[in-house]
Amino acid sequence: LEHPESRLSTFLLVAKGEALDILTSSPHFEQLPAEALRELTKTGFDIDTRNVLNYLHLPGIDPVIPVVKTVKTKNRGNDPKQEVQMDGLAIMKDDFLQFMTNEEETAGISWLLNKMIDKSITVPINKDSEINLNIAEYKISPSFKLKNNLPEFTIKLKVDTILLQNEPDLNLEDNEIYKMATNKTEQFIKKQVESILEHSKKEGVDPYGLGYLVYRTNNMVWEKHLRDKWRDLLPDIKVHIKIEADIIRVNNKGVKIREA
């Protein structure tokens with residue numbers, strides 16, 4: 001980090017537990033802990049110093065930083081090692097840690113921040129079976145309308161998925177069964193997105209940037225009615241989530257269920 005420009009591109013992480021344990025871990029596939037952290041970060045939330053500084057200076061949005069922790073692993077014939085794994089996200093309030101996300105909230109903010117492409121989700125179909133889907137592509141369309149100078153948001157996600165595993169052996173060429181499967185998928189995704197929005201609003205933080213959306217598109221309303229009290233208003237701000245999910249094709253057979 002001898003050069004200032006290098007510091008701006010340095011990945012940021014929050015350690016759960018002692019940071020020293022992270023820095024002295026023993027990765028299986030990399031020679032140095034820092035190399036393992038770099039590769040781990042590149043495949044998930046690659047948040048660098050520049051990103052966080054930008055978030056801190058933008059109105060109506062708060063930074064998120066990946067959380068890492070150490071876990072003991074043991075390969076056959078080898079002694080146990082302290083490895084590093086991702087464990088959610090740190091939701092910041094200005095430059096202070098406000099809370100760390102659980103698994104459902106992590107998925108929710110991943111959807112909102114366009115980090116779910118090529119990720120897999122497991123959707124329960126009934127008590128004993130589930131389907132596994134790969135996220136081929138998706139589009140987020142946020143909007144808002146004003147009521148008494150307060151924004152009411154609608155966030156639409158259009159999601160195209162690929163069926164990887166069909167444990168209940170659903171016949172997705174049957175229209176009613178297809179609708180059932182997509183409805184279950186939509187409910188599953190909606191619950192994830194709502195979980196992070198409800199928690200963050202309750203804490204008075206805005207990791208998605210609802211306020212920043214208003215700032216960019218209706219600056220007069222933001223400056224006059226919202227800027228100085230946005231955090232206080234957040235718990236009562238209404239956000240509607242609408243999901244439209246499609247299963248494009250079955251991966252292992254190459255059979256198209258619905259045209260993209």
Side-chain angles (χ1 to χ4, degrees), residues 45 47 51-52 54-66 88-94 96-117 119 121 123 135 137-161 182-246:
F45 271 77
I47 304 294
N51 297 142
V52 173
N54 285 339
Y55 281 135
L56 288 173
H57 286 86
L58 290 174
I61 190 169
D62 291 299
V64 299
I65 302 175
L89 294 164
I91 307 298
M92 312 299 289
K93 190 172 189 177
D94 296 322
F96 293 93
L97 172 65
Q98 187 68 18
F99 69 93
M100 294 184 182
T101 59
N102 58 30
E103 184 176 354
E104 186 174 57
E105 293 166 346
T106 301
I109 194 64
S110 297
W111 283 111
L112 292 172
L113 299 183
N114 286 298
K115 298 292 185 178
M116 287 297 287
I117 294 293
K119 297 291 193 298
I121 60 173
V123 180
I135 309 305
E137 61 180 346
Y138 71 98
K139 181 181 179 181
I140 304 177
S141 302
S143 61
F144 68 91
K145 56 185 178 181
L146 293 171
K147 291 185 176 180
N148 299 320
N149 292 315
L150 289 179
E152 184 173 319
F153 295 89
T154 298
I155 301 175
K156 297 179 181 179
L157 282 83
K158 188 178 186 307
V159 185
D160 291 333
T161 70
T182 54
N183 284 340
K184 294 276 189 181
T185 302
E186 290 165 357
Q187 292 167 17
F188 182 79
I189 297 170
K190 182 178 181 180
K191 188 169 181 287
Q192 291 179 328
V193 175
E194 286 180 338
S195 68
I196 184 60
L197 288 174
E198 289 305 312
H199 190 175
S200 58
K201 286 198 303 160
K202 182 179 178 181
E203 298 280 353
V205 291
D206 192 356
Y208 177 52
L210 297 170
Y212 185 57
L213 176 62
V214 181
Y215 167 81
R216 287 188 294 114
T217 56
N218 197 327
N219 188 260
M220 185 179 297
V221 168
W222 173 263
E223 294 294 336
K224 189 174 181 179
H225 302 285
L226 303 175
R227 184 186 66 180
D228 296 329
K229 52 184 178 180
W230 183 240
R231 294 201 187 281
D232 295 329
L233 292 171
L234 267 172
D236 298 318
I237 293 293
K238 294 181 180 179
V239 184
H240 307 283
I241 308 299
K242 297 182 179 180
I243 312 294
E244 180 184 342
D246 283 312

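Note that CG of Asn218 is 11.0 Å distant from CD of Glu223, once rounded to the nearest 0.5 Å. In this structure, CD in Glu137 is found 11.0 Å from CD1 in Ile135, a value given to the nearest 0.5 Å. Here the straight-line distance linking atom CD1 of Ile61 with atom CG of Leu213 works out to 10.0 Å at 0.5 Å rounding. Once rounded to the nearest 0.5 Å, the distance linking CH2 of Trp222 with CZ of Arg216 reads 12.0 Å. Considering CD1 of Ile140 and NZ of Lys156, their distance stands at 14.0 Å, rounded to 0.5 Å. In this structure, CG on Leu97 lies 8.5 Å from CD1 on Ile65, to the nearest 0.5 angstrom.
Checking side-chain atoms of Asn148 against main-chain N and O of Leu150 turns up no donor-acceptor pair under 3.5 Å. Remark: the backbone N or O of Asp246 is paired with a side-chain donor or acceptor of Thr161 at under 3.5 angstrom. In terms of modelled atom types and a separation under 3.5 Å, the side chain of Asp62 and the main chain of Asp206 share a donor-acceptor contact. A side-chain donor-acceptor contact under 3.5 Å links Lys201 to the backbone of Ile237. The backbone N or O of Asn102 sits less than 3.5 Å from a side-chain atom of Glu105, completing a donor-acceptor pair. Remark: the backbone N or O of Ile91 is not paired with any side-chain donor or acceptor of Gln98 at under 3.5 angstrom.
Contact between Leu233 and His225 at its shortest, heavy atoms only, is CD1-O, 4.4 Å. Residues Phe188 and Val123 come closest through the heavy atom pair CD2-CG2, 4.0 Å. Here the closest non-hydrogen pair linking Glu186 and Ala245 is OE2-N, 3.0 Å. Pairing each heavy atom of Val193 with each of Leu112, the nearest pair is CG1-CD2, 3.9 Å.
Sparse packing is recorded around NZ of Lys139, with 12 or fewer heavy atoms of other residues, nucleotides or ligands lying under 6.0 Å away. Other residues, nucleotides and ligands place no more than 12 heavy atoms under 6.0 Å from the NZ atom of Lys190. Enclosure of atom CD in Glu103 is not indicated, since only 12 or fewer non-hydrogen atoms of other residues, nucleotides or ligands lie within 6.0 angstrom. More than 12 non-hydrogen atoms from other residues, nucleotides or ligands lie less than 6.0 angstrom from CZ of Phe144.
Judged purely by distance below 3.5 Å, without hydrogens or angles, the side chains of Thr154 and Ser143 never pair a donor atom with an acceptor atom.
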Can you list the steps and then say if Ile241 with Ile189 is a side chain to side chain contact (heavy atoms under 4.5 Å, CB included)?
CA-CA 10 Å; Ile241 308 299; Ile189 297 170; over 6 Å; no
For Glu244 and Lys242: C-alpha separation, side-chain torsions, deciding distance, then whether side chain to side chain contact (heavy atoms under 4.5 Å, CB included) applies.
CA-CA 7 Å; Glu244 180 184 342; Lys242 297 182 179 180; over 6 Å; no
CA sep, side-chain torsions, deciding dist, call: Leu234, Val205, side chain to side chain contact (heavy atoms under 4.5 Å, CB included):
CA-CA 7 Å; Leu234 267 172; Val205 291; 5.6 Å; no
Ile196 vs Leu89, side chain to side chain contact (heavy atoms under 4.5 Å, CB included): CA-CA, chis, key distance, verdict:
CA-CA 11 Å; Ile196 184 60; Leu89 294 164; over 6 Å; no
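By the 4.5 Å heavy-atom criterion applied to side chains, Thr185 and Val159 are not counted as neighbours. Residues Pro59 and Trp230 fail the side-chain proximity criterion, which asks for heavy atoms closer than 4.5 Å. For the pair Tyr55 and Pro207, the minimum side-chain heavy-atom distance is 4.5 Å or more. For the pair Lys238/Lys147, no side-chain contact is recorded, criterion being any heavy-atom separation below 4.5 Å from C-beta on. In this structure the side chain of Thr101 never reaches within 4.5 angstrom of the side chain of Val64, judged on heavy atoms. Considering only heavy atoms from C-beta on, Pro66 comes within 4.5 Å of Ile47 through its side chain. Within the 4.5 Å cutoff, no side-chain heavy atoms of Ile243 are placed close to those of Gln192. Met116 places a side-chain heavy atom less than 4.5 Å from the side chain of Ile121.
Taking the six-membered ring for Trp and thresholds of 30 and 60 degrees, Trp111 and Tyr138 have ring planes more than 60 degrees apart, a perpendicular arrangement.
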